[in-house]
Amino acid sequence: MEQRRSFIKDLLQSTDVDRDINAKGWVRTKRGNKQVAFVALNDGSTINNIQIVIDIANFDEDQIKNITTGASISVNGTLVKSMGKGQSVEIQAKEIKIYGTADPETYPLQKKGHTLEFLREIAHLRFRTNTFGAIFRIRHAMSFAVHKYFNDRNFYYLHTPIVTGSDAEGAGEMFRVSTLDMKNPPKTEDGEIDFSEDFFGKETNLTVSGQLEAELGATALSNVYTFGPTFRAENSNTPRHLAEFWMIEPEMAFYDIDDDMDLAEDFLKYLIKYALENCKDDLEFLNKMYDNELIERLNSVVENKFERITYTEAIDVLLKADQKFEFPIKWGSDLQSEHERYLVEKYYKKPVMVSDYPKIIKAFYMKQNDDGKTVRALDVLFPRIGEIIGGSQREEVYEKLLDRIKEMGIPEKDMWWYLETRKFGTVPHSGFGLGFERLILFVTGMSNIRDVIPFPRTPKNAEF
RNA sequence: UCCUCAGUAGCUCAGUUGGUUUAGAGCACCUGACUGUUAAUCAGGGGGUCGUAGGUUCAAGUCCUACCUGGGGAGCCA
């Protein structure tokens, strides 16, 4: 009878030895001599490999030859206590089946390390490295933790549209969605492209944010969140931006800006704590290989209260700073990266939540303060990352919201559905957006956002 | 998009102020040695139109121009 396959993660933790088992996976390395060969096997269930011991006398020579780095195999054998150092258990092989060989001359992954830049060019194979195995296991764990956090707190997961007919979010350039013949599009009488002929009968784009739709859900379900892909056609070439990225956007009825801040802080701490508790091996690997202060930094974020300051207080701190900034700071201008970095890394030395920004530099939907100058906006600034969360209390007063829409030249007719929530049973409400990949950057200690999403979409790059 | 650095073997790099016949090294790979290895070790071997296209020069991996690709920084933001 075929032995049932065990995951390597479970085998390595097992104390029940001298029993027959089956393991399947991909060969990481093989070494040895004429008598015995040692194969390090990995199946993705853990960063750790299990050692397969092969008595060469008992196997066909050609078969052993084909067990090379990258080959996929199934091993029947006995789980035994290891005679060597470095592992407590290993598999004494009885029978090996090779599913697929990997020609050592052309298989691009070798035993020794590769640069992250090179691995990006072979994104289809980089999952097979320790680094990317660790990153994507952590990414999964964080994704799961997001749902768990909200589910346990009476939030509903709301699926907002990917294709949107509203271009009013103002969160950046959008990707057009169209089925028109680009070489010969239908034209109106004035020579413009006639989008009434298009699939949806109007101009449509990929979403840049699910926030406005999430607000609609929150005005009935109380607490909702979105977690989906968003798209920005900005020509941003930085280690912190993607054209396609995942965003988490909770939206809460009856929340003011302080409630919003409480949730943001609690949420971030929960996620980081979840990683510390559930991704120990992977974090230790990343800590050792990429960022010696990673685990220490994660712990410090979980243990310390975030600093909460207003934009105006932030400006005061920056004006008194004993440091020259490339961009001089003044009230009314947005904080530049160098300013954010000073506040987080030099002055407070912990995450900082900045609120109440000048309304002229923020979006139309943010709740206006009584001073007439500021809005209840909220940015959470993290060490190394900068802005990890952007949010606000939303303007719930119909007239004030309409004024801002007019002032900022947003097409009012496209916003009728959004405005109606302020006409019928309007409530104070708040929300924020968390860039999922930026969270993963922080948690893994990676420095380029292209390394924390399986298949990064960036300007001039949509391979795979 | 702007500034800046880089592109030489499968990978990571060296290649001096342009000039010593076939452009080097380490790792990887192949062959051999070794009774249990831990990124094993040791010996030998194969492997390169020097990112692309022009240009300067008696002579270009090396200098100039444009473009492409990648890194870092900035802007936009999450």
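First the proteins, then the strands, lettered A, B, ... as listed; each starts at 1.
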Trainee: Look at the side chain of A:Asn461 and the backbone N and O of A:Glu463, then say whether any donor-acceptor pair between them is shorter than 3.5 Å.
Mentor: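 Yes, the answer is positive, given that a donor and an acceptor are paired below the 3.5 Å cut-off.
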
Trainee: Determine: side-chain N/O of A:Arg120 to OP1/OP2 of B:G71, distance under 4.0 Å, yes or no.
Mentor: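 For B:G71, OP1/OP2 do have a side-chain N/O of A:Arg120 under 4.0 Å.
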
Trainee: Can you find a donor-acceptor pair, distance only, under 3.5 Å between A:His114 side chain and B:C11 base?
Mentor: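 Check fails, no donor-acceptor contact within cut-off.
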
Trainee: Check whether the side chain of A:Glu117 and the base of B:G72 form a donor-acceptor pair under 3.5 Å.
Mentor: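 Checked by distance alone, the answer is no.
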
Trainee: CG of A:Asp334 versus C1' of B:A74: gap in Å, rounded?
Mentor: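 After rounding, the reported distance stands at 14 Å.
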
Trainee: Got a sec: does the OH of A:Tyr156 have more than 12 other heavy atoms crowding it under 6.0 Å?
Mentor: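 It does not: A:Tyr156 OH has 12 such atoms or fewer within range.
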
Trainee: Relative to the ring of A:Tyr290, is the ring of A:Phe285 parallel (under 30°), tilted (30 to 60°) or perpendicular (over 60°)?
Mentor: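 Aromatic pair A:Phe285/A:Tyr290 classed perpendicular.
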
Trainee: Does a donor on one side chain and an acceptor on the other come within less than 3.5 Å for A:Thr29 and A:Arg31?
Mentor: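 There is such a pair (donor and acceptor under 3.5 Å, judged by atom type) between the side chains of A:Thr29 and A:Arg31.
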
Trainee: Under 4.0 Å: is that the gap between some side-chain N or O of A:Lys288 and OP1 or OP2 of B:A39?
Mentor: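 It does not, given that no N or O in the side chain of A:Lys288 lies less than 4.0 Å from OP1 or OP2 of B:A39.
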
Trainee: Would you compute the distance between atom CZ of A:Arg404 and atom CE of A:Met366 and round it to the nearest 0.5 angstrom?
Mentor: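 Taking CZ in A:Arg404 and CE in A:Met366, the distance rounds to 10.5 Å.
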
Trainee: Heavy atoms under 4.0 Å, any strand shown: does A:Ser82 hit a base, just sugar-phosphate, or nothing?
Mentor: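 Counting heavy atoms under 4.0 Å across all strands, the contact made by A:Ser82 includes a base.
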
Trainee: For the rings on A:Phe455 and A:Phe127, is their centre-to-centre separation under 6.0 Å?
Mentor: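 Judged by ring-centre distance (under 6.0 Å), A:Phe455 and A:Phe127 do meet the cut-off.
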
Trainee: Would you mind classifying the nucleic acid contact of A:Pro108 as base, sugar-phosphate or nothing, using non-hydrogen atoms under 4.0 angstrom?
Mentor: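 It contacts nothing in the nucleic acid.
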
Trainee: At under 4.0 Å between heavy atoms, what does A:Glu340 touch on the DNA or RNA strands: base, sugar-phosphate, or nothing?
Mentor: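 Nothing: the residue A:Glu340, judged by heavy atoms under 4.0 Å, touches no strand.
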
Trainee: How many whole angstroms separate atom CG of A:Leu109 from atom P of B:A39?
Mentor: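 The distance from CG of A:Leu109 to P of B:A39 comes to 18 Å, rounded to the nearest Å.
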
Trainee: Which nucleotide in the list B:A74, B:U12, B:C76 gets nearest to the side chain of A:Thr115?
Mentor: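 It is B:U12.
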
Trainee: Taking the six-membered ring for Trp, are A:Tyr157 and A:Phe150 ring centroids under 6.0 Å apart?
Mentor: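 Aromatic pair excluded; centres sit 6.0 Å or further apart.
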
Trainee: What integer number of Å spans the C1' atoms of B:U38 and B:A78?
Mentor: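 So the two C1' atoms sit 42 Å from each other.
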
Trainee: Is there a donor and acceptor pair, one atom on the side chain of A:Gln35 and one on the base of B:U37, closer than 3.5 Å?
Mentor: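 It does not, because no donor-acceptor pair links the side chain of A:Gln35 to the base of B:U37 below 3.5 Å.
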
Trainee: Write down the distance between CD1 (A:Ile361) and C1' (B:C77), rounded to a whole number of angstrom.
Mentor: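 My rounded result for the distance is 13 Å.
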
Trainee: Looking only at atom P, what distance separates B:U4 and B:U12, rounded to whole Å?
Mentor: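 Going atom to atom, P in each nucleotide, I get 25 Å.
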
Trainee: Take A:Lys24 and A:Tyr99 through the side-chain hydrogen bond (donor to acceptor under 3.5 Å, both in side chains) test and state the conclusion after the steps.
Mentor: CA-CA 10 Å; A:Lys24 301 183 201 295; A:Tyr99 288 105; 3.3 Å; yes

Trainee: Pick base, sugar-phosphate or nothing for A:Gln51, based on heavy-atom distances below 4.0 Å to the nucleic acid.
Mentor: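 Base, at least one base heavy atom under 4.0 Å.
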
Trainee: If you look at every strand shown and take non-hydrogen atoms under 4.0 Å, does A:Lys30 touch a base, only sugar-phosphate, or nothing?
Mentor: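 The residue A:Lys30 makes no contact with any strand.
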
Trainee: Suppose you measure atom P in B:C58 against the same atom in B:A66; what distance do you get, rounded to whole Å?
Mentor: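 About 24 Å, rounded to a whole number of Å.
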
Trainee: Pick the closest RNA chain B nucleotide for A:Phe38 and for A:Arg450 by heavy atoms, then say which residue is nearer the 5' end.
Mentor: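 The 5'-side residue here is A:Phe38.
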
Trainee: Does OP1 or OP2 of B:G72 have a side-chain N or O of A:Arg240 closer than 4.0 Å?
Mentor: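 Checking B:G72 against A:Arg240, no side-chain N or O comes under 4.0 Å of OP1 or OP2.
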
Trainee: Between the base of B:G10 and the side chain of A:Gln110, is one N or O donor paired with an acceptor at under 3.5 angstrom?
Mentor: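 Side chain to base: pair present.
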
Trainee: For the side chain of A:Thr29, counting heavy atoms from C-beta on, which of B:A40, B:G70, B:G36 is nearest?
Mentor: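 Side chain of A:Thr29 sits closest to B:A40.
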
Trainee: Should we count OH of A:Tyr347 as having more than 12 external heavy atoms under 6.0 Å?
Mentor: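 No, because the 6.0 Å sphere around OH of A:Tyr347 holds 12 heavy atoms or fewer from other groups.
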
Trainee: Could you tell me whether A:Ile389 contacts a base, only the sugar-phosphate backbone, or nothing, with contacts defined as non-hydrogen atoms closer than 4.0 Å?
Mentor: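 Since only primed, P, OP1 and OP2 atoms lie under 4.0 Å of A:Ile389, the category is sugar-phosphate.
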
Trainee: When every nucleotide of nucleotides 1-6 of chain B is labelled 5' to 3' by its protein contacts under 4.0 Å (heavy atoms), B for base, S for sugar-phosphate only, - for none, what sequence of letters results?
Mentor: B-----

Trainee: Measuring only the P atom in each nucleotide, how far is B:C5 from B:U22? A whole number of Å is fine.
Mentor: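 Taking atom P in both B:C5 and B:U22, they lie 34 Å apart.
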
Trainee: Does A:Asn33 put a side-chain nitrogen or oxygen below 4.0 Å from OP1 or OP2 of B:G36?
Mentor: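 It does, given that an N or O in the side chain of A:Asn33 lies less than 4.0 Å from OP1 or OP2 of B:G36.
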
Trainee: Does A:Arg31 get its side chain close enough to the base of B:A39, under 3.5 Å, for a donor-acceptor pair?
Mentor: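 Donor-acceptor pair under 3.5 Å: no.
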
Trainee: What integer number of Å spans the C1' atoms of B:A23 and B:C13?
Mentor: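 Each nucleotide's C1' atom is 14 Å from the other's.
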
Trainee: Give one of base, sugar-phosphate or nothing for A:Thr230, where a contact means two heavy atoms less than 4.0 Å apart.
Mentor: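 No contact at all - A:Thr230 keeps every heavy atom at 4.0 Å or more from the nucleic acid.
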
Trainee: Taking both distances under 3.5 Å as the test for a Watson-Crick or G-U pair, what stems of at least three pairs does RNA chain B have?
Mentor: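 Correct response: B:1-7 with B:68-74, B:10-13 with B:24-27, B:29-33 with B:41-45, B:51-55 with B:63-67.
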
Trainee: Could you check whether A:Gly32 gets within reach of a base, just the sugar-phosphate, or nothing at all, counting any heavy atom under 4.0 Å?
Mentor: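 Base: the residue A:Gly32, judged by heavy atoms under 4.0 Å, touches a nucleobase.
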
Trainee: Heavy atoms only, 4.0 Å cut-off, all strands: where does A:Met83 land among base, sugar-phosphate and nothing?
Mentor: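 Contact class for A:Met83: base.
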
Trainee: What class does the angle between the rings of A:His339 and A:Phe325 fall in, given that below 30° is parallel, 30 to 60° is tilted and above 60° is perpendicular?
Mentor: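 Ring orientation, 0 to 90° scale: perpendicular.
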
Trainee: Does a nitrogen or oxygen in the side chain of A:Arg28 sit under 4.0 Å from OP1 or OP2 of B:U38?
Mentor: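 False: A:Arg28 side-chain N/O out of range (4.0 Å or more) of B:U38 OP1/OP2.
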
Trainee: Can you check the A:Leu439 CG to B:C77 P distance for me, whole Å?
Mentor: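 To the nearest whole Å, that distance equals 21 Å.
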
Trainee: Quick one: does any side-chain atom of A:Arg128 pair with a main-chain N or O of A:Val27 as donor and acceptor, under 3.5 Å?
Mentor: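 Not confirmed, A:Arg128 side chain does not pair with A:Val27 backbone.
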
Trainee: Would you say the base of B:A78 stacks on A:Phe245 (centre-to-centre below 5.5 Å, plane angle below 30°)?
Mentor: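 Ring-base stacking flag set for A:Phe245 and B:A78.
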
Trainee: Verify whether one side chain among A:Arg376 and A:Ser430 offers a donor that lies under 3.5 Å from an acceptor in the other.
Mentor: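 Absent: no donor and acceptor within the cut-off.
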
Trainee: When the P atoms of B:G70 and B:C76 are considered, how many whole Å apart are they?
Mentor: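 Looking at atom P only, B:G70 and B:C76 are 23 Å apart.
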
Trainee: Look at all strands and tell whether A:Gln336 reaches a base, only sugar-phosphate, or nothing, counting heavy atoms closer than 4.0 Å.
Mentor: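 Sugar-phosphate contact only - A:Gln336 comes under 4.0 Å of backbone atoms but never of a base.
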
